[in-house]
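Just so we're on the same page: letters track the sequence lines, and every chain starts at 1. Small disclaimer: the values here were computed from a predicted structure and weren't measured. Just the heavy atoms: all of them, side chains too, but no hydrogens, waters or symmetry mates, feed the values below.
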Amino acid sequence: MGNCYLGTESEILKNKIFALVDCNNFYVSCERVFNPKLNNVPVVVLSNNDGCVVARSEEAKALGITMGIPYFKVKGIIESNNIRVLSSNYVLYGDMSERVMNLLAKFTPNIELYSIDEAFLDMKDISVNDYTAYGKEIRKTIFKNTGIPVSVGIARTKTLSKIANEYVKHNPRLNGVFDIVDFPKMDKLLAHVPIHEVWGIGGAFGRMLMNRKILSAKDFRDASEFFIKDKMGIIGLRTKYELQGLSAVSLDEVLEPKKAIMSSRSFGRYVNKQCELEEAISQYTIRAAEKLRKQQGCCNSINVFVMTNHYKLTDKQHAENKTITLPEPANYTPELIKYAVYLLRKIYKPGYNYIKAGVLLGNIVPETPVQLNAFLVNRDHDKRNRIMKAMDSINKTFGRDSLKVASSGIAQDWAMKRQHISQRYTTNWNELLTVNLT
DNA sequence: TCTGGGGTCCTAGGACCC
DNA sequence: TCTGGGGTCCTAGGACCC
């Protein structure tokens with residue numbers, strides 16, 4: 001949620017203004033840019049493995065498709081209403097996101113890239129009368145240059161800008177921009193925001209608060225500090241201040257390097273052979289190590305986990321993970337694979353139907369200067385770095401996995417399902433949009 | 001039959017030290 | 001038989017986000 005201040009009076013910042021720019025139904029909007037047949041018809045985008053619905057067009061929302069619902073549960077509604085279904089195409093969405101963010105960065109350097117489809121902007125240099133006009137200009141620019149529609153919420157705190165943004169989406173007459181900096185009907189607005197929809201309050205706290213008759217953002221704002229601190233700690237307290245218009249969560253402008261990097265996937269089918277799990281774990285380690293080198297980091301620990309399908313109650317269950325601390329920080333793929341496979345062999349048990357596995361690289365430190373372990377033999381770091389650089393650069397030029405480590409397998413028939421994938425229109429020469437002029 | 005992936009922060013409790 | 005107190009560090013687990 002960004003840098004946070006403790007709740008002491010002096011540290012809470014007043015007179016701050018934030019704009020939250022959020023792409024509408026982002027994944028669906030990305031698909032529509034390249035396939036106009038998807039306009040004005042219901043569309044959903046599925047998560048990895050075609051598991052859950054993770055994006056819905058307005059038409060699909062209207063048909064009762066909820067966020068995060070497993071695909072198989074709504075297959076009936078989808079088929080009977082002819083809802084278009086797409087597997088998620090993260091290469092495409094990532095590239096479109098970059099275009100949107102680059103445009104936003106031209107408006108102000110004081111920007112926090114919050115997620116793939118959202119950014120907070122500092123509005124301190126905009127004069128009070130111009131907030132809405134500024135928001136409209138942002139909207140126009142993004143749409144014109146990328147085809148992605150966005151909503152803009154403007155408020156004194158990040159939490160309130162989230163609320164303004166959400167309100168925009170349900171009120172078309174606002175034309176995509178809502179400024180609640182000095183909103184006269186704030187009480188009424190907050191009273192209509194259900195407690196579990198407040199940023200920072202999720203399912204568990206939401207249920208606890210509802211049991212205590214704290215039902216809306218307004219109820220929470222007006223609840224006792226002592227109660228909130230006691231039940232929710234300082235995170236809850238910050239949210240209360242934010243709802244009061246006191247900024248307790250600051251703008252995080254700098255993209256901090258990740259402290260941990262994970263790669264994990266559900267399999268396209270059950271896997272029970274050790275050799276297949278080893279392939280998968282090798283593949284995930286390759287992916288995680290690529291990300292690690294991209295941020296010029298080395299990790300000090302590796303965690304490997306495997307799990308069976310906990311939804312399937314008739315199956316024997318096994319979920320386990322193990323961590324190893326490395327003798328020295330590393331980002332050399334073959335070495336990381338060696339440790340990861342070692343860990344896998346410790347936790348693997350034959351006779352189980354595994355559905356998911358993953359690798360977590362932890363305790364990440366900058367690549368240089370690396371703390372070398374003086375007691376270890378010289379491992380020729382230079383040579384290793386050159387090998388990894390060469391591999392990364394070949395894969396960047398010729399496409400992912402052009403050059404790879406053999407232990408990850410060739411066929412990978414355990415890999416995830418993506419039956420409805422669209423093309424990588426913007427990042428692969430072989431998959432450009434073709435226009436039929438006949 | 002079919003239920004995502006990748007992160008962050010906070011807190012409580014144990015180990016250890018003086 | 002009596003069995004401190006306070007600090008730090010680490011880890012696991014729980015909560016949250018998109």
Side-chain angles (χ1 to χ4, degrees), chain A residues 1-7 20 22-23 25-27 44-55 66-76 78 85 87-88 90 93-94 97 112-120 158-159 162 165-166 196-209 229-239 249 252 255-270 284 287-288 291-292 295 300-301 303 305 307-315 321-323 325 353 355-364 416-420:
Chain A
M1 263 171 78
N3 280 333
C4 296
Y5 308 105
L6 290 174
L20 172 62
D22 188 321
C23 301
N25 313 329
F26 183 55
Y27 299 167
V44 297
V45 176
L46 304 178
S47 63
N48 276 329
N49 239 352
D50 294 344
C52 297
V53 173
V54 289
T66 51
M67 183 65 178
I69 187 106
Y71 178 38
F72 73 88
K73 286 192 178 171
V74 286
K75 224 167 182 169
I78 284 175
V85 176
S87 302
S88 42
Y90 286 105
Y93 311 150
S97 172
E112 173 183 345
L113 308 185
Y114 179 66
S115 74
I116 193 164
D117 68 338
E118 282 171 82
F120 289 101
K158 284 177 154 185
T159 305
K162 276 266 183 190
N165 195 294
E166 190 59 31
H196 57 270
E197 285 181 15
V198 174
W199 194 44
I201 293 173
F205 285 139
R207 278 187 294 278
M208 181 274 289
L209 291 164
K229 177 77 179 19
D230 183 47
K231 297 288 179 207
M232 301 173 64
I234 69 168
I235 295 197
L237 215 45
R238 277 182 202 136
T239 300
V249 182
D252 248 349
L255 259 186
E256 297 291 339
K258 304 262 180 274
K259 296 167 183 171
I261 291 174
M262 162 126 73
S263 177
S264 75
R265 291 283 182 285
S266 297
F267 305 126
R269 60 163 168 81
Y270 288 119
Y284 303 157
R287 197 64 76 229
K291 292 191 219 166
L292 181 61
Q295 74 165 40
N300 279 290
S301 69
N303 176 276
F305 69 87
M307 58 175 69
T308 50
N309 184 355
H310 61 275
Y311 293 109
K312 193 168 181 184
L313 303 172
T314 51
D315 263 19
N321 73 88
K322 261 200 164 37
T323 304
T325 300
N353 287 325
I355 193 63
K356 185 173 179 180
V359 173
L360 178 72
L361 306 180
N363 299 315
I364 293 172
M416 69 176 174
K417 282 182 292 200
R418 292 158 102 190
Q419 291 182 344
H420 312 277

Student: Using atom P of each nucleotide, how far apart are C:dC17 and B:dT3 to the nearest Å?
Tutor: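 So the two P atoms sit 24 Å from each other.
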Student: Choosing from B:dC10, B:dT3, C:dC18, which nucleotide comes nearest the side chain of A:W199?
Tutor: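 Closest nucleotide among those given: C:dC18.
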Student: Whole Å only: how far is the CZ atom of A:R265 from the P atom of B:dG7?
Tutor: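 My rounded result for the distance is 10 Å.
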Student: For the side chain of A:P70, counting heavy atoms from C-beta on, which of B:dT8, B:dC2, B:dT3 is nearest?
Tutor: B:dT3
Student: Once you apply a heavy-atom cut-off of 4.0 Å, does A:S263 come out as touching a base, just sugar-phosphate, or nothing?
Tutor: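 Result for A:S263 = sugar-phosphate.
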Student: Would a 4.5 Å heavy-atom cut-off, applied to side chains only, mark A:E118 and A:L20 as touching?
Tutor: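 Yes, close enough: below the 4.5 Å cut-off.
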Student: Rounded to whole angstrom units, what separation is found between the CG atom of A:N303 and the C1' atom of B:dG7?
Tutor: 14 Å
Student: What nucleic acid atoms does A:K356 come within less than 4.0 Å of, heavy atoms only: base, sugar-phosphate, or nothing?
Tutor: sugar-phosphate
Student: Would you mind telling me which of B:dC2, B:dG4, B:dC10 lies closest to the side-chain atoms of A:R238?
Tutor: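 Nearest to the side-chain atoms of A:R238, counting from C-beta on, is B:dC10.
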Student: Report which part of the nucleic acid A:K162 touches: base, sugar-phosphate, or nothing (heavy-atom distance under 4.0 Å, all strands).
Tutor: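 A:K162: backbone/sugar contact only, no base atoms under 4.0 Å.
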Student: Is there a side-chain contact between A:T239 and A:M232, using heavy atoms and a 4.5 Å cut-off?
Tutor: no
Student: Taking only N and O in the side chain of A:R269, is any of them less than 4.0 Å away from OP1 or OP2 of B:dT1?
Tutor: no
Student: How long is the line joining CG of A:N353 and P of B:dC2, in whole Å?
Tutor: 10 Å
Student: Whole angstroms only, please: what is the CD1-P distance between A:I234 and C:dG14?
Tutor: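 In whole Å, C:dG14 P lies 20 Å from A:I234 CD1.
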Student: A:K258 NZ to B:dC9 C1': how many Å, rounded?
Tutor: 14 Å
Student: Among the candidates B:dG5, B:dG6, B:dT3, find the nucleotide nearest to the side-chain atoms of A:S266.
Tutor: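 Ranking B:dG5, B:dG6, B:dT3 by closest atom to the A:S266 side chain puts B:dG5 first.
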Student: Would you please classify the geometry between the A:F267 ring and the A:Y284 ring as parallel, tilted or perpendicular, with 30° and 60° separating the classes?
Tutor: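 Judged by the thresholds at 30° and 60°, the geometry between A:Y284 and A:F267 is parallel.
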Student: Give A:G203 one of three labels, base, sugar-phosphate or nothing, depending on what nucleic acid heavy atoms sit under 4.0 Å from its own.
Tutor: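 Sugar-phosphate only.
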Student: Determine which nucleotide pairs with B:dC18, using a 3.5 Å limit on both distances of a Watson-Crick or G-U wobble pair.
Tutor: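 By the stated definition (distances under 3.5 Å), C:dG5 pairs with B:dC18.
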Student: When all nucleic acid strands are considered with a 4.0 Å heavy-atom cut-off, which category describes A:L46: base, sugar-phosphate, or nothing?
Tutor: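 Here A:L46 touches no strand at all.
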Student: To the nearest Å, give me how far apart OH (A:Y90) and C1' (B:dG5) are.
Tutor: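 Answer to the nearest Å: 7 Å.
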Student: Both A:S264 and A:K75 contact DNA chain B. Taking the nearest nucleotide for each, which residue is further toward the 5' end?
Tutor: A:K75
Student: Given B:dG7, B:dC2, B:dG4, which nucleotide is nearest the side-chain atoms of A:S47?
Tutor: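 Nearest listed nucleotide: B:dG4.
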Student: Is any side-chain nitrogen or oxygen of A:K291 closer than 4.0 Å to OP1 or OP2 of B:dG7?
Tutor: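 So the side-chain polar atoms of A:K291 do come within 4.0 Å of the phosphate oxygens OP1 or OP2 of B:dG7, strictly under.
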Student: Can you find a heavy atom in the side chain of A:I261 that is under 4.5 Å from one in the side chain of A:Q295?
Tutor: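 Side chain of A:I261 against side chain of A:Q295, heavy atoms only: contact under 4.5 Å found.
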Student: Go through A:V44 and A:Y71 one step at a time and tell me if the side-chain contact (heavy atoms from CB on, under 4.5 Å) criterion holds.
Tutor: CA-CA 10 Å; A:V44 297; A:Y71 178 38; 5.7 Å; no
Student: Can you classify the ring geometry of A:Y90 versus A:Y27 as parallel (below 30°), tilted (30 to 60°) or perpendicular (above 60°)?
Tutor: perpendicular
Student: Measure from the side-chain heavy atoms of A:I235 and tell me the nearest of B:dC10, C:dC18, C:dC16.
Tutor: B:dC10
Student: Between B:dG5, C:dA15, B:dT3, which one does the side chain of A:I355 approach most closely?
Tutor: B:dT3
Student: How long is the line joining CG of A:L361 and C1' of B:dG6, in whole Å?
Tutor: 13 Å
Student: Counting any heavy atom closer than 4.0 Å, what does A:F26 reach on the DNA or RNA strands: base, sugar-phosphate only, or nothing?
Tutor: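 Nothing, no heavy atom under 4.0 Å.
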Student: Any donor and acceptor pair, going by atom type alone, linking the side chain of A:K291 with main-chain N or O of A:M262 inside 3.5 Å?
Tutor: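 Pair found, side chain donor or acceptor close to backbone of A:M262.
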Student: When you match A:Y71 and A:L360 each to their closest nucleotide on DNA chain B, which lands nearer the 5' end?
Tutor: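 It is A:Y71, whose closest nucleotide lies nearer the 5' terminus.
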Student: To the side chain of A:Y114, which of C:dC17, B:dC9, B:dC2 is closest?
Tutor: C:dC17
Student: Whole-Å distance between C:dC17 C1' and A:D117 CG?
Tutor: 12 Å
Student: Taking any heavy-atom pair under 4.0 Å as a contact, classify A:V198: base, sugar-phosphate, or nothing.
Tutor: sugar-phosphate
